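Encoded as structure tokens, the structure appears first; notes follow it.
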Amino acid sequence: MLLFHFSSQKPAMASSSGFSLLFHVLLLIQFCSSRDIIDKNLKNNNHNEENHIKIYGKNEADDFDPALKVFFNVNDLYKGKKMPIYFATSDPSTTPRLLTREQADSIPFSSSKLRYLLDFLTLTNDSPQAKAMEQTLKQCELDPTPGETRFCATSLESMLDMTRGVLGMVKLKVLTTKIHNLTDSGYTLLQEYTFLKEPSEIHVPDMVACHTMAYPYAVYYCHAQKGNNRAFEISLGGKNGNRIDAIAVCHMDTSKWDTDHVAFRVLGVQPGSSPVCHFLPADNIMWIPSV
């Protein structure tokens, strides 16, 4: 877990700058207490060519990390299938919220401003929090792969605007993975699950998946690639008695993925040789057109 701690003594800000005053107030409100943020450098769910672990990217961690137990093959989609799956959880009371557009637009969100942000938040360059922020900013500034649309959203308004730019001016529907009876003492992050029903495919022409990033306030990395994905709703029963209504995505064309993508090592396949499927964590969002 990354814990963002901030000193009560902040660097002096230019008094003549209305931006600086608003920035100061906003960050004090957002960071006045410590926020638990999952270390997304090792366990985020973004389609990331730099630090992507769970889904597909270069893996700097142990391939046997239990958090990698989110991948499966498309031929695993049948009732009765059993597999170990890792589902991370988060406490809603400590999860950062999306800022308003006005607030988000008032705060620099750029690698070129990282030093300024770290100074303001009294974070050292080599702290885990600073490294997580740097990785998030770098990820958000990567160019899309051919045929892909990607963007980072720091406000709900910007997320909706950019999602509609991909899906069109349609009514939108949100899909998320739902973990039931989470408070039961038997819940564990990694356990064996059984597919309780035949997986139900979500038949939509396009979709936008948004993944949480490690940052002092809520940032979502969103992406879409036309015609190359299939989505499913899957009812899972855990060995410890837990139930999950999961959302899963199958990427049908992996030919342009990096050969170092951890998904290939986990599944024992090569780029373009077969689809790669994975479950979405509970704090991720999938946008689809509402039918």
Side-chain angles (χ1 to χ4, degrees), residues 36-38 40 43-48 52-56 67 69-72 77 83 85-99 149-164 166-167 170-184 187-191 193 195-197 199-215 217-225 229-238 242-251 277-291:
D36 287 328
I37 299 182
I38 297 175
K40 301 291 169 62
K43 297 178 181 178
N44 70 22
N45 297 286
N46 315 316
H47 290 216
N48 184 345
H52 194 278
I53 299 301
K54 279 190 182 178
I55 307 309
Y56 57 104
K69 295 290 186 179
V70 295
F71 299 102
F72 61 95
L77 289 164
M83 68 172 68
I85 310 172
Y86 183 96
F87 283 106
T89 61
S90 59
D91 183 352
S93 67
T94 60
T95 300
R97 301 293 191 268
L98 281 166
L99 302 179
T149 299
R150 61 170 65 163
F151 59 87
C152 281
T154 56
S155 70
L156 179 59
E157 295 95 331
S158 65
M159 186 187 294
L160 289 172
D161 286 350
M162 289 184 281
T163 296
R164 288 196 171 101
V166 176
L167 302 180
V170 297
K171 185 177 180 181
L172 298 175
K173 181 178 180 180
V174 173
L175 299 177
T176 60
T177 289
K178 298 178 177 63
I179 302 177
H180 303 284
N181 53 331
L182 179 59
T183 57
D184 290 1
Y187 185 78
T188 55
L189 297 177
L190 176 66
Q191 61 179 288
Y193 287 91
F195 288 34
L196 300 178
K197 304 174 183 177
S200 175
E201 184 165 3
I202 304 165
H203 294 283
V204 291
D206 297 300
M207 63 193 75
V208 175
C210 295
H211 314 281
T212 55
M213 301 290 284
Y215 213 69
Y217 55 89
V219 173
Y220 282 84
Y221 170 80
C222 304
H223 65 105
Q225 193 157 13
N229 302 312
R230 297 170 65 189
F232 297 86
E233 293 177 309
I234 304 174
S235 180
L236 301 168
N242 304 114
R243 283 197 61 255
I244 295 182
D245 292 326
I247 301 298
V249 177
C250 290
H251 302 276
C277 304
H278 64 86
F279 292 98
L280 290 186
D283 61 356
N284 286 201
I285 298 171
M286 179 181 290
W287 296 95
I288 63 172
S290 179
V291 294

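One is the number of the first residue; the rest follow in order along the sequence. Keep in mind that what you see is a predicted model, and the values were worked out from it rather than measured. What's counted below: heavy atoms across the whole structure, side chains too, no hydrogens, waters or symmetry copies.
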[X] versus [Y]: any side-chain heavy-atom pair under 4.5 Å?
| X | Y | value |
| --- | --- | --- |
| N242 | Q191 | yes |
| L160 | W287 | yes |
| M83 | K69 | no |
| I285 | C222 | no |
| F87 | L236 | yes |
| M159 | Y220 | yes |
| L172 | T163 | yes |
| I85 | L190 | no |

What distance separates [X] [atom1] from [Y] [atom2], expressed to the nearest 0.5 Å?
| X | Y | atom1 | atom2 | result |
| --- | --- | --- | --- | --- |
| D245 | S200 | CG | OG | 11.5 Å |
| L98 | S158 | CG | OG | 7.5 Å |
| M162 | E157 | CE | CD | 10.5 Å |
| L175 | E233 | CG | CD | 6.0 Å |
| S235 | R243 | OG | CZ | 4.5 Å |
| F72 | C250 | CZ | SG | 4.5 Å |

Inset, instruction - Begin from the C-alpha positions of V219 and T212 and carry the test side chain to side chain contact (heavy atoms under 4.5 Å, CB included) through to its verdict. - result: CA-CA 6 Å; V219 173; T212 55; over 6 Å; no
Inset, instruction - Could you walk me through whether F232 and R230 pass the side chain to side chain contact (heavy atoms under 4.5 Å, CB included) test, one step at a time? - result: CA-CA 7 Å; F232 297 86; R230 297 170 65 189; 3.6 Å; yes
Inset, instruction - Verify whether the ring centers belonging to Y215 and Y217 lie closer than 6.0 Å. - result: yes
Inset, instruction - Flag the pair F279 / Y86 as yes when their ring centroid distance falls below 6.0 Å, and as no otherwise. - result: no
Inset, instruction - Report the relative orientation of the aromatic rings in H251 and H278; use parallel for angles under 30°, tilted for 30 to 60°, perpendicular for over 60°. - result: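 H251 and H278: parallel rings.
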Inset, instruction - May I ask you to decide if the ring planes of H211 and H223 are parallel, tilted or perpendicular, using 30° and 60° as cut-offs? - result: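 Aromatic pair H211/H223 classed parallel.
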Inset, instruction - Answer yes or no: is there a donor N or O on one side and an acceptor on the other, between the side chain of T177 and the main chain of I247, under 3.5 Å? - result: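 Present.
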If I compare all heavy atoms of [X] with all of [Y], which pair ends up nearest, and what's the gap?
| X | Y | value |
| --- | --- | --- |
| V170 | L167 | CG2-O, 4.0 Å |
| A224 | V208 | CB-CG2, 3.9 Å |
| A248 | I234 | CB-CD1, 3.8 Å |

Inset, instruction - Quickly, which of N229, I202, N284 forms a side chain to side chain contact (heavy atoms under 4.5 Å, CB included) with V249? Name it, please. - result: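 When N229, I202, N284 are each tested with V249, the side chain to side chain contact (heavy atoms under 4.5 Å, CB included) holds only for N229.
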